[in-house]
2 protein chains.
Amino acid sequence: MIQKENILPLEVFMDLDRSGPIPLYFQIAQKIEKAVLDGTLPAGSRVENEVSLGDRLGLSRPTIRRAIQDLVDKGLLVRRRGIGTQVVHGQVTRGVDLTSLYEDLTRSGKKPSTKILTYKIVKADAKISDRLGVPIGSDVLYLQRVRAADGVPVSIMENWLPADFTDIKEVDLNEHGLYQILRGRGVTIRVAKQKIGARRSSTQESEILKLDKNAALLTMDRTAYDNSGRAIEFGHHCYRPDLYSFEVTLVEK
Amino acid sequence: MIQKENILPLEVFMDLDRSGPIPLYFQIAQKIEKAVLDGTLPAGSRVENEVSLGDRLGLSRPTIRRAIQDLVDKGLLVRRRGIGTQVVHGQVTRGVDLTSLYEDLTRSGKKPSTKILTYKIVKADAKISDRLGVPIGSDVLYLQRVRAADGVPVSIMENWLPADFTDIKEVDLNEHGLYQILRGRGVTIRVAKQKIGARRSSTQESEILKLDKNAALLTMDRTAYDNSGRAIEFGHHCYRPDLYSFEVTLVEK
DNA sequence: GAGTGGTCTAGACCACGCA
DNA sequence: GCGTGGTCTAGACCACTCC
C-alpha cells in the first residue's frame with residue numbers, strides 16, 4: 001500500500017490559549033480534528049510526527065502525544081510504529097457518547113417531546129435490586145415514558161431509579177431529559193453499560209409507536225453509574241427501528 | 001454520599017517483569033483488574049492513590065497513572081479530582097472489542113461453524129464504492145455466509161472486500177473467521193464503525209435462521225479499517241435476537 | 001492545610017519499518 | 001542508519017474536595 005505524500009499542517013494552530021482552563025492537548029486535538037473534517041488533512045494523508053510538531057508549537061512531546069492519542073481513540077487517526085500517523089478513510093460518524101435520547105434528538109435538529117405514561121414508586125424486585133445495587137423491596141422510582149421527535153413517537157422508555165430520586169417532579173420530566181434533570185441535581189453520569197438487542201413488539205407497544213402488529217423493535221437495557229461508581233439508573237428502552245439506530249466506533253487497543 | 005473505607009491493595013503486585021516486552025502499565029492494570037474481579041477490591045472501595053502506589057512499587061507516577069486510566073476507560077474504575085479513585089458497582093461486562101462473531105462464539109465456549117451460501121466476484125455499486133473507498137464498477141469479493149453456534153444458525157452475514165482480497169479461498173472461509181484469515185495475511189483491523197439496528201426478517205432469512213415469518217432481526221452494518229486507515233471490509237449482518245446481542249460500555253471522557 | 005487527581009515539562013531509551 | 005511511534009522517568013504546578 002503506497003503512502004500518500006506528507007502533508008504538514010500549517011499554522012492551523014493559531015490562538016492556543018496557554019493559560020486558560022482548556023487543556024493544551026485538548027486544544028491541539030480540536031485543531032487537528034477540524035483539519036481532518038474540513039479536508040486540510042484528507043483521508044489517508046500523514047500527520048506530522050509528534051516530536052517535530054511539539055518543537056514547532058513549543059510544547060512537550062507528551063502533550064502532543066496525548067492530543068493525537070485522543071483522536072486515535074476516537075477512530076479518526078491510525079498509528080503505526082516506525083511508519084507514522086495517518087487519517088482514517090471514510091466519513092466520521094459521531095459515536096454514542098453517553099448522552100440520552102433527548103440530547104441525541106436535540107442535536108440532530110429534531111424537537112423532542114415526552115409523554116409520561118406511568119410515574120410511581122414501586123418496590124424493587126430481584127432484577128432491579130441487582131441492577132441498581134439496592135435491597136430487594138426498597139422503594140424505587142419507576143417511570144414509563146414515550147419520547148417523540150417532531151411529534152412522531154420514537155421510543156418507549158422504562159426507567160428505575162433509587163429511592164433518593166423519588167422527589168424528581170413529574171412536571172420536570174415533561175420538559176427535560178432524565179440526564180438533564182440528574183445533572184441539575186449535581187449527579188454526573190460517568191459510566192453506562194448497555195446491551196442492545198431486538199424483539200417483536202407487543203400489541204400495546206405497536207399502538208403507542210404507531211407500528212404494525214408484531215413489528216421489529218430495537219431494544220436497549222442500560223445501567224448508568226455516577227462518578228462515585230454508584231448505580232443511578234436502570235432502563236429498558238425500545239425504539240422504532242426505522243427512526244433510530246446505534247452508531248459505535250470500535251478501536252483496537 | 002458516604003465513602004467506604006480505604007482498602008490498600010497489598011502486594012498483589014508480585015512478579016512484575018521490568019525488562020520483558022509487556023509494558024509495566026499493562027502489568028499494573030492487569031493486577032488491579034484481577035483484584036477487582038476476585039473481590040480483593042470490592043465495588044465502591046477506594047483504590048490507593050497514584051503517588052503512593054508509585055512510590056511503593058518504585059515506578060513513576062505517569063506509569064501508574066496510565067495503568068489506572070486504562071481501567072477507567074474500560075469502565076472498571078471512576079475518578080474524582082480531590083477525592084480519589086473508586087471501583088464501579090455492578091458486574092463487569094466484557095464490551096465488544098473488535099472481534100468477529102467467530103471469535104465471540106469461540107470465547108463463550110460455543111463451537112462456531114460456517115456455511116457459505118454465495119462466493120463470487122461482483123462489480124462495486126455506488127453504496128459499496130462509498131463504503132470501501134473503491135471506484136464504482138471495480139471488482140469486489142462478495143460473500144454470503146451463515147454462522148452457527150453448536151449447529152444452531154445465529155447469523156446471516158454479507159460481506160464485501162476490495163479486489164486484492166479476491167484470492168481468499170472458499171475452503172479457508174469454512175474453517176476460519178474472516179478476521180482470522182485477514183490477520184493471517186498480515187492485515188490488522190484497527191478501527192470499525194458499526195451501526196446497529198433492527199428490522200423484520202424476510203421469508204428467506206426466516207427459513208435460514210429457523211425463525212417465524214416476520215420475526216425481528218438484529219442488524220449490524222460495519223465498515224472496518226486496517227492500521228493504514230484503509231477500508232478492508234464492509235458487512236451487513238443480521239442476527240437471531242434470541243441468540244445474540246451487543247454489549248457496550250460507555251465512559252464519559 | 002492536607003490529600004487527591006489533572007496537566008505539563010524535558011529529557012531518555014527502545015522497537016519497529018523502511019531505505 | 002534513520003525516522004517513527006511506544007514506553008518510562010523524576011520532577012513541577014494547579015484545581016478541586018474535605019476537614
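Heavy atoms only: backbone and side chains are in, while hydrogens, waters and symmetry mates are out. Chain letters run A, B, ... following the sequence lines, proteins first and then strands; every chain starts at 1. Quick caveat: nothing in here was measured; it's all calculated off a predicted structure.
- Interface residues of residues 58-67 of chain A facing DNA chain D, ordered by number: A:R61, A:R65; criterion, heavy-atom separation under 4.0 Å.
- In this structure, CD1 of A:I68 is placed 10 Å from C1' of D:dG5, rounded to the nearest angstrom.
- Contact check, A:R79 against D:dG6: a side-chain N or O comes under 4.0 Å of OP1 or OP2.
- Regarding A:Q86, its CD atom lies at a distance of 14 Å from the P atom of C:dG17, rounded to whole Å.
- Under a 4.0 Å N-O distance rule, the pair A:E50/A:R79 qualifies as a salt bridge.
- Within the structure, salt bridge (charged side-chain N to carboxylate O under 4.0 Å, His left out) pairs that include any residue of residues 16-31 of chain A comprise A:D15-A:K31 (at least two apart or interchain).
- Taking side-chain N and O atoms only, B:N49 has no distance below 4.0 Å to OP1 or OP2 of C:dG3.
- Heavy atoms of B:L24 sit under 4.0 angstrom from primed sugar atoms or phosphate atoms, though from no base atom.
- The CD-C1' distance, from B:E50 to D:dC8, rounds to 15 Å in whole Å.
- Residues A:D73 and A:Q69 have side chains that bring a donor and an acceptor to within less than 3.5 angstrom of each other.
- No side-chain N or O of A:E233 forms a donor-acceptor pair with one of A:Y225 less than 3.5 Å apart.
- Atom pair A:K253:NZ and D:dT7:P shows a separation of 12 Å (rounding to whole Å applied).
- Mapping A:R18 and A:G82 onto DNA chain C via the closest heavy atom, the residue that lands nearer the 5' end is A:R18.
- Residue A:Y25 places no side-chain N or O under 4.0 Å from the OP1 or OP2 atom of C:dC8.
- For the pair A:L57 CG and C:dC8 P, the interatomic distance rounds to 13 Å; values are reported in whole Å.
- Regarding A:L53, its CG atom lies at a distance of 14 Å from the C1' atom of D:dT4, rounded to whole Å.
- A salt bridge links A:E48 with A:R56: at least one charged nitrogen is closer than 4.0 Å to a carboxylate oxygen.
- The existence of a salt bridge linking B:K123 and B:D139 is confirmed by a sub-4.0 Å separation between a basic side-chain nitrogen and an acidic carboxylate oxygen.
- A straight line from CG of B:D55 to C1' of C:dT4 spans 14 Å, rounded to a whole angstrom.
- When rounded to the nearest whole Å, the span between CG of B:N227 and C1' of D:dT4 equals 14 Å.
- A salt bridge is defined here as a Lys NZ or Arg NE, NH1 or NH2 lying under 4.0 Å from an Asp or Glu carboxylate O, and A:R185 with A:D167 meets this definition.
- In this structure, A:R81 and A:I22 both approach DNA chain C, and ranking their closest nucleotides by distance from the 5' end singles out A:I22.
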